[in-house]
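Because the structure is predicted, anything quoted here is derived from the model rather than measured. Atom set for the values below is all heavy atoms of this structure, side chains included, hydrogens, waters and symmetry mates excluded.
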Amino acid sequence: MPNEGYKPNIPEAFLKAYDSTSEEPAINALWEQSSFANPDTCVEKGITAPDAEAFTIVLPPPNVTGTLHMGHAAMLAIEDILIRYARMQGKRTLWIPGTDSAAIATQSKVEGEIYKKEKKTRYDLGREELLARVAAFAEESKDTIINQVKRMGASLDWSRYAYTLDDTRYKAVMEAFVRMYDAGLIYRGNRIVNWDPKLQTTVSDDEIEYVEQKDPFYYFTYGPFEIGTVRPETKFGDKYVVMHPEDERYAQYKHGDTIDLEWINGPITATIIKDEAADMEFGSGVMTITPAHSGIDFEIAQRHGLDIEQVIDERGILLPIAGEFAGTHIKKARPLIIEKLQSKGLVSRVEENYVHNVATNSRGGGMIEPQIKKQWFIAVNKEFTIPHSEIPGIASGSTTTLKSMMRASVESGAIQIAPDRFEKIYYHWIDNLRDWNISRQIWFGHRIPAWFKGDEVKVQIDSPGTEWAQDEDVLDTWFSSGLWTFSTLGWPEKTEDMRTFHPTSVLETGYDILFFWVARMVLMSGFLTGQVPFRQVYLHGLVRDGQGRKMSKSLGNIIDPLTMIDKYGADATRLSLVVGTQPGNDLKLSEDRVRGYKNFANKIWNISRFVLESCENKNLGAELSETDAKLVDEARAVAAEVGTHIENFRLDLAADAIYHFAWDRFAAEIIEESKAVIKASSSPSEQAAAHSRARMLYESLVIILKTLHPFMPFVTEAIWQKLPHDKDSAILMVARWVR
RNA sequence: GCACCCUUAGCUCAGUUGGUUAGAGCGUUCGAUUCACAUUCGAAAGGUCAUAGGUUCGAAUCCUAUAGGGUGCACCA
């Protein structure tokens, strides 16, 4: 506490309004130079106890496909609040930054740009050249993103920066693949997969996005039956006719009966199959199947051991089975096939405008065409012996499956999900989970460590020799993302970081990637480390525009975080993304919101100036009067309340509480009442009151600055730097939270 | 089709195990301002808490149904 006769020597900059554009870069430089975002530094400098509890968050790594949007800004604001609070609590606090190569998304973006400018495909360029171009793009994009992240004031430990494709992470991915293969959890097999003919790769079930579409629905005469379809081009090979075993309309037909009938390219013999997959309510209750190009049909075919014939190739071209239509693209073939069927009198009716959902690749690809392909899969239902497990309910050395391990992690409470309604959604997803297709037919990513020589296969990290050829495919980007909580800590090496910081404390991300990412981390971490990846999941909502619409280029309603930071400051931007948001609920953001919080930053600035001016020539070591002590306690109580809210992940309530205390109570009432006390100083008792009052104001200000710091780090730190030097910490970022 | 969420002031949202007169920000209107304030301060208007039942001494809050909006999953021959 400064002593008698303290002269605040208020810097000139303080006499004007708070100017975020001049203060923020200086504060950022101060933090960076301190390197207090690195917990090791804090321990070395004696700020954090070496045995202090760890608090870890891994930053969901932004894709290196572009620039930061408001969703990222919200994520950074929320996580930085949690991190700064934990750090001020004296915890060993680590927030790990990173970026994600985002295999398909990045490659397809670069491919698209190359095609636009040079009319060249990846096959024209070749693997090496394309990879170089993608890597260059990723590098540039990465730098942009890092700079944007820093401008938000995010106190990440950049010395631990990780990129999914850097050497350490590459090693982790290879190791993970080999271990899972050796445990029998990764296998290669012919299965029906989601094939994207545009990007020429498979995608996982979760990456599929169903888009509503209107198409004509055709009914054909198929012998004595009527069958329906929107996709006549798949029907060439259909020689099985399926009906429900209990459908009385077709009781006369027995399973295995054959019927001769006239079909697209001439007479065929069809076989009756009775299977419960046929829906009696739909259409005529009878269907033909195309096992090579439909998931359900494939399952039916497998159940009954039926022939499976490919009709359409990888580029969407009809194969010789299509007879005269062979070599034609399915889009062009469809009307021609209808024409032919009509001329043969086989079209019984057409229902125009049939509304149905078609599968598309949500990663910037095209319509999905189911195909049977030899792919790598992770077996989620296969039993295995887990060597080591800290997951409650799963004992080390016991037999389990990945699915039940994922379930146990949440059911046991080892992982808590906020808001908790997402736990149900998580279970539902697990129950419907099928084997995860992890191979992708693109070039950018982690190449699968499998080696072939003739029919022999070896799975190992290093090449077994020159005569062995490596698998051409790369891994699904979520495979490497699934390792993120521990690959960033140096796994598979037994590092000090791994021991200290894993499992991580909180995983904060958008609810839209609960399945893609959160669930996959639970899977990977459970199997490979025997631990849950994090103890708490916090799912934030999506940032939408003022009218609740998604922000998009075509709507022109994008609010760019950098523009907001330039205009109103990072603090105002952060606060606007936190106040009024509850976990799991979308946030409607308008520029007015941001502007409002800029005024608040300025308010804090002015409060501070007033307090410092009031402290001029006052003894801040003076005894506090009873009234003033109560007022300081009031501020302290608010800090405690804010802390409780933060621990409950109610950042909206926390911010609201300190906002109202600072503005409506401290500035509007306490300061107003203090003006007279500070000025009147004729009698000794009045002077004592003035000294006490000044001290109260100063102490309250310190409490407000500390409490507000996680939310508005820049303005609070800027003010802190102008406070007298004998405060409890030279840098507010590592000051101890109010006690 | 199954499940979940939302509906509170003009707008965006709080309202924690049911408990006085339902709150905030923004916006609107009126007034003040040589005062720490690129402003700020004071005041006002504005709500049948979606609708209808029920439980209860008491319901924005719990239960049921309905309507509207949204999301996830499945189906899609």
Mind checking the [atom1] distance from [N] to [M]? Whole angstroms is fine.
N: B/G23; M: B/A44; atom1: P; answer: 13 Å
N: B/G18; M: B/U56; atom1: C1'; answer: 9 Å
N: B/C76; M: B/G15; atom1: C1'; answer: 44 Å
N: B/U71; M: B/G10; atom1: C1'; answer: 27 Å
N: B/A22; M: B/A59; atom1: C1'; answer: 12 Å
N: B/C11; M: B/C73; atom1: C1'; answer: 33 Å
N: B/G54; M: B/U61; atom1: P; answer: 14 Å
N: B/A3; M: B/A74; atom1: C1'; answer: 11 Å

Whichever of A/D205 and A/D279 has its nearest RNA chain B nucleotide further upstream toward 5': A/D205

Given RNA chain B, 5'-ward residue of the pair A/V286 and A/G596, judged by closest heavy atom: A/G596

Nearest-nucleotide pick for [X], side chain only, options being [options]:
X: A/N432; options: B/A38, B/C73, B/U40; result: B/C73
X: A/F515; options: B/C75, B/C73, B/G42; result: B/C73
X: A/I296; options: B/C73, B/C76, B/G42; result: B/C76
X: A/R421; options: B/U12, B/A36, B/C4; result: B/C4
X: A/A668; options: B/A36, B/G72, B/G42; result: B/G42

Validation row: A/H293, A/Q371 side chains within 4.5 angstrom (heavy atoms): yes

Just by distance, with hydrogens left out, do [X] and [Y] show a side-chain donor and acceptor under 3.5 Å apart?
X: A/Y427; Y: A/N432; result: no
X: A/D19; Y: A/S22; result: yes
X: A/E591; Y: A/Y568; result: yes

Polar pair under 3.5 Å, donor/acceptor by atom type, side chain A/K675, base B/A36: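 Such a pair exists between side chain and base.
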
Stacked cation flag A/K603 on A/F666, 6.0 angstrom / 45 deg: no

Sort out the partner of [N] for me: Watson-Crick or G-U wobble, both distances under 3.5 Å, none otherwise.
N: B/G31; value: B/C41
N: B/C26; value: B/G10
N: B/G1; value: B/C73
N: B/U51; value: B/A65
N: B/U17; value: none

Would you please confirm or rule out a distance under 4.0 Å between OP1 or OP2 of [N] and any side-chain N or O of [X]?
X: A/K588; N: B/C11; answer: no
X: A/N585; N: B/C5; answer: no
X: A/K598; N: B/G25; answer: no

Cationic N near anionic O, under 4.0 Å, A/E369 to A/R231: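 Salt bridge between A/E369 and A/R231, a charged N being under 4.0 Å from a carboxylate O: yes.
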
Base, sugar-phosphate, or nothing for [X], non-hydrogen atoms under 4.0 angstrom?
X: A/A277; result: nothing
X: A/H428; result: sugar-phosphate
X: A/V230; result: sugar-phosphate
X: A/R593; result: sugar-phosphate
X: A/D297; result: nothing

Ring center gap for A/F325 and A/F236 short of 6.0 angstrom: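 That pair passes the under 6.0 Å test.
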
Heavy-atom pair with the smallest gap, counting every atom of A/I430 and A/R407: CD1-N, 3.9 Å

Residues from residues 648-666 of chain A lying under 4.0 Å of RNA chain B - heavy atoms: A/R650, A/L653, A/H660, A/W663

Aromatic ring pairing A/Y253/A/Y250, orientation class (parallel under 30°, perpendicular over 60°, tilted between):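 Judged by the thresholds at 30° and 60°, the geometry between A/Y253 and A/Y250 is tilted.
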
